[in-house]
Amino acid sequence: MCRVCYLEVDPSYGSYRCSASDCNYIAHALCATDKAIWDGTITLEGYDERSEEVVHEPWNLITDVVEQISTGELMVASEIKHSYHDHNLRLTFSGKTKDEDSQCDGCTRPISTPFYSCEQCKFFLHKDCAELPKKMPHPFHRHLLTLTNSDDEEGHSWCHACDRCYQGFSYGCYEGNCFFRIDIQCMLFSDTLKHPSHEHSLFLVHNNNGTSCSACFKELYPWNVAYRCMKRCDFSLDVGCATLPLIAWYKYDRHPLTLTYSDNSEPSQHYCDLCEKEREPNRWLYYCADCDNSLHLNCAIGDLPYMKLGNKVNYYSHKDPLSVVKNIWNCPPCKVCGEICNGHALECKESECNIIVHWDCLWEPKWSI
């Protein structure tokens, strides 16, 4: 099976195969040389890419191991220096942080053990995020990608895979005029996916023109990558829906909410228990069977799930930076739409401004402050 289009490869025609003896990767000749897959580089016969490696250069961004401890037969770095932080970071194997809302500064997901933290400031890194390699290839993009921690001038970046705004580490392309950028969560996805929403395995496809996502029903464009079923099921998942967390938490529910793919309840029950607006019955939702709570996807995970609380962003029509906040109690109304900001929002904490605005409302042309 061709690992690009996932159709059968006829051995009587030319094809590209991996030269490694233990690898069965194969692709049609036209698929392998498609511009979305191949960057035009020609490798000479007998070339060994391992000879290009710089032996003495660290493969990740840990610049120094200050202290090590033994765990069985392994030595683990218990204190490190990292390129993207000024202070030493210490490893925690168990327990929690003082702040339950603590997020990793690498992937911006909730912090979990094991993680490195700074004793002088609120900087956290999952151990896996601290050890991410400097460079990685990825099937989402044809060029080698480089680990970076730089945001644009607005204080955030945009993931070209899941189409979400994010902060933290990312992998970017710096080949010519290529500006591809992908967040850490999407970077960890491979070219195949087994998702609980579908019975068959899904495969990464680059040309999705004329199809739509089976979860959110958004139309997919030729430049979008998505996961598709090759069993004639007509099932596709864009990367944004594929990366939705399977579990979320709702402030009024002591149980976790589960990502649910269909809704068999009565039409009168098709309302979100947070925003109290109507839900479309054929859309995915987060649901608690114990308490019968149902939430829109964005109501459960927030409008800015991959932005770190307290971090600041810049907006061209406001003189001061806006902070990412999470409103739980006594939520103030949005400056633009007038509705309560119940969840993630942006707040100006500078001077005596004290305005608050939804992320989506930030881009409305009708307001300027």
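Throughout, residue positions are numbered sequentially from 1 according to the sequence presented. As the structure is a prediction and not an experimental result, all values here were calculated from the model.
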With no hydrogens and no angle check, just 3.5 Å: does a side-chain donor-acceptor pair link [X] and [Y]?
| X | Y | answer |
| --- | --- | --- |
| Glu79 | Asn88 | yes |
| Thr108 | Lys308 | no |
| Thr192 | Arg3 | no |
| Asp292 | Tyr287 | yes |

Between [X] and [Y], is there a donor-acceptor pair closer than 3.5 Å when you use the side chain of the first and the backbone of the second?
| X | Y | answer |
| --- | --- | --- |
| Asn208 | Thr211 | no |
| Thr260 | Thr258 | yes |
| His126 | Ser112 | yes |
| Asp183 | Ser170 | no |
| Glu119 | Leu89 | no |
| His206 | Pro139 | yes |
| Thr243 | Cys186 | no |
| His138 | Phe189 | yes |
| Asp238 | Gly240 | yes |

Check your understanding: Going through the checks in order, is the side-chain hydrogen bond (donor to acceptor under 3.5 Å, both in side chains) test met by Lys81 and Thr63?
Key -> CA-CA 6 Å; Lys81 291 181 181 292; Thr63 58; over 6 Å; no

Please report the closest heavy-atom contact between [X] and [Y], naming both atoms and the distance.
| X | Y | value |
| --- | --- | --- |
| Met75 | Ser70 | SD-CB, 3.6 Å |
| Leu237 | Ser197 | CD1-OG, 4.0 Å |
| Leu125 | Cys129 | CD2-CB, 4.3 Å |
| Ala226 | Leu220 | CB-CD1, 3.8 Å |
| Trp249 | Arg254 | CZ3-O, 3.6 Å |
| Ile356 | Pro333 | CG2-O, 3.1 Å |

Are [Y] and [X] linked, directly or through intermediate hydrophobic residues, by side-chain heavy-atom contacts shorter than 4.5 Å (ILVMFWY only)?
| X | Y | value |
| --- | --- | --- |
| Leu193 | Phe140 | yes |
| Ile355 | Leu346 | yes |
| Leu188 | Met136 | yes |
| Leu132 | Ile62 | yes |
| Phe217 | Val225 | no |

If you take the centroid of each ring, where Trp contributes its six-membered ring, are [Y] and [X] closer together than 6.0 Å?
| X | Y | answer |
| --- | --- | --- |
| His143 | Trp38 | no |
| His195 | Trp284 | yes |
| Phe235 | His198 | yes |
| Phe169 | Tyr84 | yes |

Exercise for review: Kindly give the cluster partners of Ile26, where membership spreads through any ILVMFWY side chain lying under 4.5 Å from a current member.
Suggested key: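 For the cluster that includes Ile26, the remaining residues are Val9.
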
pair [X]-[Y]: side-chain heavy atoms closer than 4.5 Å:
| X | Y | result |
| --- | --- | --- |
| His87 | Phe123 | no |
| Tyr16 | Thr33 | yes |
| Val76 | Lys127 | yes |
| Asp163 | Trp158 | yes |
| Thr146 | Tyr174 | yes |
| Gln185 | Cys162 | no |

Review point. Can you tell me if CG on Asp234 sees more than 12 non-hydrogen neighbours from other groups inside 6.0 Å?
Key: no

Review point. In this structure, are over 12 heavy atoms from other groups packed under 6.0 Å from Ile69 atom CD1?
Key: yes

Point to revise | Thr148/Arg181 under side-chain hydrogen bond (donor to acceptor under 3.5 Å, both in side chains): CA gap, chis, key distance, verdict | key: CA-CA 9 Å; Thr148 179; Arg181 181 87 46 102; 5.2 Å; no

Review point. Between Arg109 and Tyr306, is NZ or CZ placed under 6.0 angstrom from the six-membered ring centre and within 45° of the ring axis?
Key: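 Geometry flag: set, cation within 6.0 Å and 45°.
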
Exercise for review: Under the side-chain contact (heavy atoms from CB on, under 4.5 Å) rule, what do Leu297 and Arg283 come out as? Steps first, then yes or no, please.
Suggested key: CA-CA 9 Å; Leu297 300 179; Arg283 296 290 180 96; over 6 Å; no

Charged N to carboxylate O below 4.0 Å: is that the case for [X] and [Y]?
| X | Y | value |
| --- | --- | --- |
| Lys277 | Glu339 | yes |
| Asp263 | Arg279 | yes |
| Arg142 | Glu175 | no |

Practice item. Test Leu61 against Leu147 for side-chain contact (heavy atoms from CB on, under 4.5 Å), laying out the working first. Key: CA-CA 9 Å; Leu61 293 176; Leu147 183 62; 3.3 Å; yes

Gap separating the [atom1] atom of [X] from the [atom2] atom of [Y], nearest 0.5 angstrom:
| X | Y | atom1 | atom2 | answer |
| --- | --- | --- | --- | --- |
| Cys233 | Leu202 | SG | CG | 9.0 Å |
| Asn311 | Leu322 | CG | CG | 13.0 Å |
| Asn149 | His82 | CG | NE2 | 8.5 Å |
| Ser323 | Glu347 | OG | CD | 7.0 Å |
| Ser201 | Lys194 | OG | NZ | 4.5 Å |

Exercise for review: May I ask you to decide if the ring planes of Trp359 and His156 are parallel, tilted or perpendicular, using 30° and 60° as cut-offs?
Suggested key: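 It falls in the perpendicular class, over 60°.
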
Check your understanding: Could you walk me through whether Lys231 and Glu199 pass the salt bridge (Lys or Arg N to Asp or Glu O under 4.0 Å) check?
Key -> CA-CA 10 Å; Lys231 299 286 187 180; Glu199 59 182 326; over 6 Å; no

Review point. Under the criterion side-chain contact (heavy atoms from CB on, under 4.5 Å), which of His160, His141, Met187 is the partner of Ile182?
Key: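 Single side-chain contact (heavy atoms from CB on, under 4.5 Å) partner of Ile182 among His160, His141, Met187: Met187.
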
Check your understanding: What do the steps show when you test Phe93 against Thr113 for side-chain contact (heavy atoms from CB on, under 4.5 Å), and what is the final call?
Key -> CA-CA 5 Å; Phe93 279 106; Thr113 54; 5.9 Å; no

